[in-house]
> 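After the structure tokens below, expect a handful of questions from me.
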Amino acid sequence: MEDANSVETKDGAIAVAPAFPGHQEAVKDRDHKFLTRAVEEAYKGVECGDGGPFGAVVVRNDEVVVSCHNMVLKSTDPTAHAEVTAIREACKKLNQIELSDCEIYASCEPCPMCFGAIHLSRIKRLVYGAKAEAAIAIGFDDFIADALRGTGFYQKAQLEIKKADGTGAAIAEQVFEKTKAKFQLY
């Protein structure tokens, strides 16, 4: 039985009920802090011309391991998305290929490639701000949203996936509208 305090996994429901009063509020504040950092990275990437309006932060034990943005244009590498760049940099910094003790905060819902990288790195938790439709609205491929949603792979991933709400979602979705004049797709 799934409720607001549990998450369904391949092995059954795993309780994530609060250990103390105010736990959920503390998690929400923490998520907002790290998601805000990912959004700041998205703006930074566009401002310096490195790539599209996407940012990602890898966190371990409530500390930022790396904070990265999309580097597709700067590196002339179509795989240098914010999440992939953050995973690569976190693995280098921590000198390990598995990030099972880490979380990732992404300014936008990950594309299939980024979701695959998150899954393969064994990151335990993903929190994202904007839905893919915000990126699609300024010209990004709708493949971003359609490729994974509703598939067994997405539902059965061994990580907690959380869409930010409230202010976190709003600031993440504003990135696209506020940067579309500065960022040209091609």
> For A164 and A169, which heavy atoms make the closest approach, and how far apart are they?
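Reported closest heavy-atom pair: O-CB, 3.5 Å.
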
> So which atom in V58 and which in I87 form the shortest heavy-atom distance, rounded to 0.1 Å?
CG2-N, 4.5 Å

> With the threshold set at 4.0 Å, does a side-chain nitrogen-carboxylate oxygen contact exist between E177 and K180?
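Counted as a salt bridge, because a side-chain N and a carboxylate O are separated by less than 4.0 Å.
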
> Using atom types as modelled and distance alone, determine if a side-chain donor or acceptor of T76 lies under 3.5 Å from a backbone N or O of L73.
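It does not hold such a pair.
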
> With the threshold set at 4.0 Å, does a side-chain nitrogen-carboxylate oxygen contact exist between E103 and K162?
no

> Run the numbers on V59 and R37 for side chain to side chain contact (heavy atoms under 4.5 Å, CB included), then give the verdict.
CA-CA 11 Å; V59 174; R37 180 94 177 255; over 6 Å; no

> A side-chain contact here means heavy atoms from C-beta on lying under 4.5 Å apart; do Y128 and I161 qualify?
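Yes, close enough: below the 4.5 Å cut-off.
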
> How close do T36 and H32 get, counting heavy atoms only, and between which atoms?
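The answer is OG1-O, 2.7 Å.
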
> Atom SG of C102 and atom CD of E63: how far apart are they, to the nearest 0.5 Å?
12.0 Å

> Would you give the length of the straight line joining atom CD of E40 to atom CG of L35, rounded to the nearest 0.5 angstrom?
10.0 Å

> At their closest point, which heavy atom of C68 faces which heavy atom of A86, and how far apart are they?
SG-CA, 3.7 Å

> From M71 CE over to H69 NE2, what is the distance, rounded to the nearest 0.5 angstrom?
5.0 Å

> Counting neighbours of NZ on K163 that are heavy atoms of other residues, nucleotides or ligands and sit closer than 6.0 Å, is the number greater than 12?
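Yes, because the 6.0 Å sphere around NZ of K163 holds more than 12 heavy atoms from other groups.
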
> Report yes if the side chains of T85 and E41 come closer than 4.5 Å at any heavy-atom pair, otherwise no.
no

> Identify whether V127 and F34 are in the same connected component of the hydrophobic contact network (ILVMFWY, side-chain heavy atoms under 4.5 Å).
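Same cluster: V127 reaches F34 through Ile, Leu, Val, Met, Phe, Trp or Tyr contacts under 4.5 Å.
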
> Do K28 and D165 have side-chain heavy atoms sitting under 4.5 Å apart?
yes

> Would you call K44-E47 a salt bridge at under 4.0 Å N-O?
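No, this pair does not count.
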
> Would you give the length of the straight line joining atom OG1 of T179 to atom CZ of F54, rounded to the nearest 0.5 angstrom?
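With rounding to 0.5 Å, OG1 (T179) is 8.5 Å from CZ (F54).
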
> Quick check: is V64 connected to Y105 through a chain of hydrophobic side chains (ILVMFWY, heavy atoms under 4.5 Å apart)?
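Cluster IDs for Y105 and V64 match.
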
> Would you say the side chain of Y43 lies within less than 4.5 Å of the side chain of S107, judging by non-hydrogen atoms?
no

> Return the set of residues passing side-chain contact (heavy atoms from CB on, under 4.5 Å) with A134 (not counting sequence neighbours), or none when no residue passes.
A130, E173, F176

> Spell out, yes or no, whether L99 and F115 are grouped together once hydrophobic residues are joined by side-chain heavy atoms under 4.5 Å, including indirect joins.
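The answer is yes; both residues are in one hydrophobic cluster.
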
> Taking all atoms of both residues into account, what is the closest heavy-atom pair of C108 and E83, and its distance?
O-OE2, 3.7 Å

> Check for a donor-acceptor pair, side chain of N70 on one end and backbone N or O of V72 on the other, with a separation under 3.5 Å.
yes

> Can you tell me how far apart OG1 (T167) and CD (Q174) are? Round to the nearest 0.5 Å.
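Rounded to the nearest 0.5 Å, the OG1-CD separation comes to 9.5 Å.
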
> Membership question, hydrophobic clusters at under 4.5 Å side-chain separation (ILVMFWY): are I118 and L94 in the same one?
yes

> So which atom in A42 and which in G55 form the shortest heavy-atom distance, rounded to 0.1 Å?
CB-N, 3.6 Å

> Answer yes when D62 and K33 have at least one side-chain N-carboxylate O distance shorter than 4.0 Å, and no when they do not.
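No, D62 and K33 are not salt-bridged.
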
> Members other than I97 in its cluster, when Ile, Leu, Val, Met, Phe, Trp, Tyr link by side-chain heavy atoms under 4.5 Å?
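So far as hydrophobic clustering goes, I97 is joined with none.
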
> For the CD1 atom of I123 and the CZ atom of R125, what is their distance to the nearest 0.5 Å?
12.5 Å

